[in-house]
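Reckoned from all heavy atoms, side chains included, excluding hydrogens, waters and symmetry mates.
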Amino acid sequence: MLSGCAPHKFITVRQFDPHTPNLARMYDYMLGGTDNFAVDRLAIDQLAELVPEAVPLARANRAFLQRAVRYVAAAGITQFIDLGSGLPTQGSVHEVAPEARVVYVDDDPVVAAHARALLAGADRAAFIEADLLDHEEVLARAGRFLDLSRPVAIVLVSILHFLPDAADPQGAVAALREAVAPGSRLVISHATSMGRLSDEENPRPFRRGSAGSGGADRSPAEIRAFFGGFALDPPGLVQAVDWRPDRPKLVGDWSLPSSLMAGVATKQD
């Protein structure tokens with residue numbers, strides 16, 4: 001199994017702090033997990049009071065991930081790279097596709113420490129502590145655990161909206177698309193407040209992320225651009241709850257003020 005790399009030169013290693021909320025542990029709590037502290041639960045409970053759709057969106061996102069992994073695995077893909085993975089728990093890729101080989105990538109040292117403990121003894125899953133934007137390091141290290149001459153699924157679920165355009169996530173994703181073998185899949189979900197409207201219908205100017213803004217609110221067309229020349233599998237780029245649903249949608253899904261676009265695409269020969 002891959003060992004974690006030394007922390008990125010701009011990251012200071014953090015010790016476990018039960019008094020400071022952590023995004024990955026907060027997400028785990030929203031999914032009903034147990035790898036979280038009281039401070040994480042309090043933060044989410046307070047968030048849910050202010051933003052009632054936060055927890056339903058998190059669960060819709062995880063449900064999409066699970067459906068997409070099952071779909072891709074059924075198509076014969078046996079290798080996954082999950083970028084910006086957070087904690088590999090609560091129905092993560094290696095649990096949904098237990099026969100596959102999975103590499104998780106995250107640059108949070110707290111996540112890394114949790115992840116290595118959670119994956120101890122899992123010989124088909126590995127964790128890399130790295131910046132997902134550093135595609136050269138990610139591919140080089142993933143290539144020690146996976147056979148990148150064969151198709152692989154690149155998973156970018158609920159992470160790209162945290163990356164501003166100034167960080168050039170478009171370039172990093174393009175490099176990943178270029179590097180993987182034909183037949184590979186690209187799995188993306190991306191939150192947006194513009195997802196319910198077409199680009200022509202949306203009356204607001206797009207909010208462009210900057211290096212200090214913490215992300216970008218992208219239009220459906222801008223999200224679609226992350227797939228590049230990959231062919232979107234049916235039903236295309238749609239609301240996450242509408243992507244190959246395996247059960248009826250929850251009442252009220254349509255009324256969420258912000259939304260989650262999702263899709264899976266294939267690299268052609």
Participant: Flag the pair Phe80 / Val72 as yes when at least one side-chain heavy-atom distance between them is below 4.5 Å, and no otherwise.
Facilitator: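 Phe80 reaches Val72 side chain to side chain.
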Participant: Closer than 4.0 angstrom, basic N to acidic O: yes or no for Asp233 and Arg185?
Facilitator: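 So Asp233 pairs with Arg185 through a salt bridge.
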Participant: Is any side-chain heavy atom of Val105 less than 4.5 Å from a side-chain heavy atom of Arg141?
Facilitator: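 No, every pair of side-chain atoms sits at 4.5 Å or beyond.
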Participant: To the nearest 0.5 angstrom, please state how far the NE2 atom of His190 sits from the NE2 atom of His161.
Facilitator: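 So the gap between those two atoms works out to 7.0 Å.
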Participant: What distance do Ser158 atom OG and Ile188 atom CD1 have between them, rounded to the nearest 0.5 Å?
Facilitator: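 Reported to 0.5 Å precision, the distance equals 12.0 Å.
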Participant: Step by step, work out the side chain to side chain contact (heavy atoms under 4.5 Å, CB included) result for Leu186 and Val173.
Facilitator: CA-CA 9 Å; Leu186 183 57; Val173 176; 4.2 Å; yes
Participant: Do you know the tightest heavy-atom contact between Pro235 and Asp242?
Facilitator: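 Nearest heavy atoms, Pro235 then Asp242: CG-O, 4.0 Å.
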Participant: If every non-hydrogen atom of Leu237 is compared with every non-hydrogen atom of Pro220, which pair is closest and at what distance?
Facilitator: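 Heavy atoms only, the tightest pair is CD2-O, 3.6 Å.
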Participant: Work out which heavy atom in Val241 is nearest to a heavy atom in Ala60; give both atom names and the distance.
Facilitator: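 Residues Val241 and Ala60, closest heavy atoms: CG1-CB, 3.9 Å.
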Participant: I want to check something: taking the side chain as every heavy atom from C-beta on, are Asp165 and Gln170 in contact at a cut-off of under 4.5 Å?
Facilitator: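 Yes, at least one pair of side-chain atoms sits under 4.5 Å.
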Participant: What heavy-atom pair brings Phe227 and Ala265 nearest, and what distance separates the two atoms?
Facilitator: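 What the structure gives for the nearest pair is CD2-CB, 3.4 Å.
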Participant: Mind checking side-chain contact (heavy atoms from CB on, under 4.5 Å) for Val96 and listing every partner two or more places apart, or none if nothing turns up?
Facilitator: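 With sequence neighbours excluded, Val96 shows a side-chain contact (heavy atoms from CB on, under 4.5 Å) to Gln66, Val69, Arg70, given in chain and number order.
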Participant: If I take atom CD from residue Glu222 and atom CG from residue Asp217, how far apart are they, to the nearest 0.5 angstrom?
Facilitator: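 Separation between the atoms: 9.0 Å.
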Participant: Looking at residues at least two apart in the chain, or sitting in another chain, which of them share a side-chain contact (heavy atoms from CB on, under 4.5 Å) with Arg101?
Facilitator: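 Arg101: side-chain contact (heavy atoms from CB on, under 4.5 Å) contacts with Arg124, Phe145, Leu146.
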Participant: Checking Leu176 against Leu83 for the side chain to side chain contact (heavy atoms under 4.5 Å, CB included) test, could you report, in this order, the C-alpha distance in whole Å, the side-chain angles of both residues, the deciding distance, and whether it holds?
Facilitator: CA-CA 11 Å; Leu176 292 168; Leu83 295 156; 3.6 Å; yes
Participant: Identify the heavy atoms of Pro182 and Asp269 that sit nearest to each other, and give their distance.
Facilitator: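 Residues Pro182 and Asp269, closest heavy atoms: CB-OD1, 3.3 Å.
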Participant: For Tyr71 and Val187: C-alpha separation, side-chain torsions, deciding distance, then whether side chain to side chain contact (heavy atoms under 4.5 Å, CB included) applies.
Facilitator: CA-CA 11 Å; Tyr71 169 77; Val187 179; over 6 Å; no
Participant: Evaluate the side chain to side chain contact (heavy atoms under 4.5 Å, CB included) criterion for residues Tyr104 and Ser92: first the C-alpha distance (whole Å), next the side-chain angles of each, then the deciding distance (0.1 Å), finally the verdict.
Facilitator: CA-CA 10 Å; Tyr104 294 103; Ser92 290; 3.5 Å; yes
Participant: Is there a donor-acceptor pair closer than 3.5 Å between any side-chain N or O of Arg67 and the backbone N or O of Arg244?
Facilitator: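 Such a contact is found between Arg67 side chain and Arg244 backbone.
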Participant: Looking only at heavy atoms, what is the nearest atom pair of Pro169 and Arg218, with distance?
Facilitator: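 Where Pro169 meets Arg218 most closely, the heavy atoms are CG-NH2, 3.6 Å.
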Participant: How many angstroms lie between atom CG of Leu160 and atom CG of Leu132, to the nearest 0.5 angstrom?
Facilitator: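 So the CG of Leu160 and the CG of Leu132 are separated by 7.5 Å.
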Participant: Would you give the length of the straight line joining atom CD1 of Ile128 to atom CD of Glu137, rounded to the nearest 0.5 angstrom?
Facilitator: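 If I round to the nearest 0.5 Å, the distance is 7.5 Å.
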Participant: Looking at CG of Asp107 and CG of Leu133, how far apart are the two atoms once the value is rounded to the nearest 0.5 Å?
Facilitator: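 Between atom CG of Asp107 and atom CG of Leu133 there are 8.5 Å.
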Participant: Are the side chain of Asp106 and the backbone N or O of Gly86 linked by a donor-acceptor pair below 3.5 Å?
Facilitator: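 It does hold such a pair.
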Participant: Quick one: side-chain contact (heavy atoms from CB on, under 4.5 Å) partners of Ala115, sequence neighbours excluded?
Facilitator: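 By the side-chain contact (heavy atoms from CB on, under 4.5 Å) rule, Ala115 matches Pro88, Phe127.
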Participant: Kindly say whether Ser219 contributes a backbone atom to a donor-acceptor pair with the side chain of Thr192 at under 3.5 angstrom?
Facilitator: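 No; zero donor-acceptor contacts below 3.5 Å.
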Participant: Using a 3.5 Å distance criterion without hydrogens, assess whether the side chain of Lys267 forms a donor-acceptor pair with backbone atoms of Ala181.
Facilitator: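 Not a single qualifying donor-acceptor pair exists.
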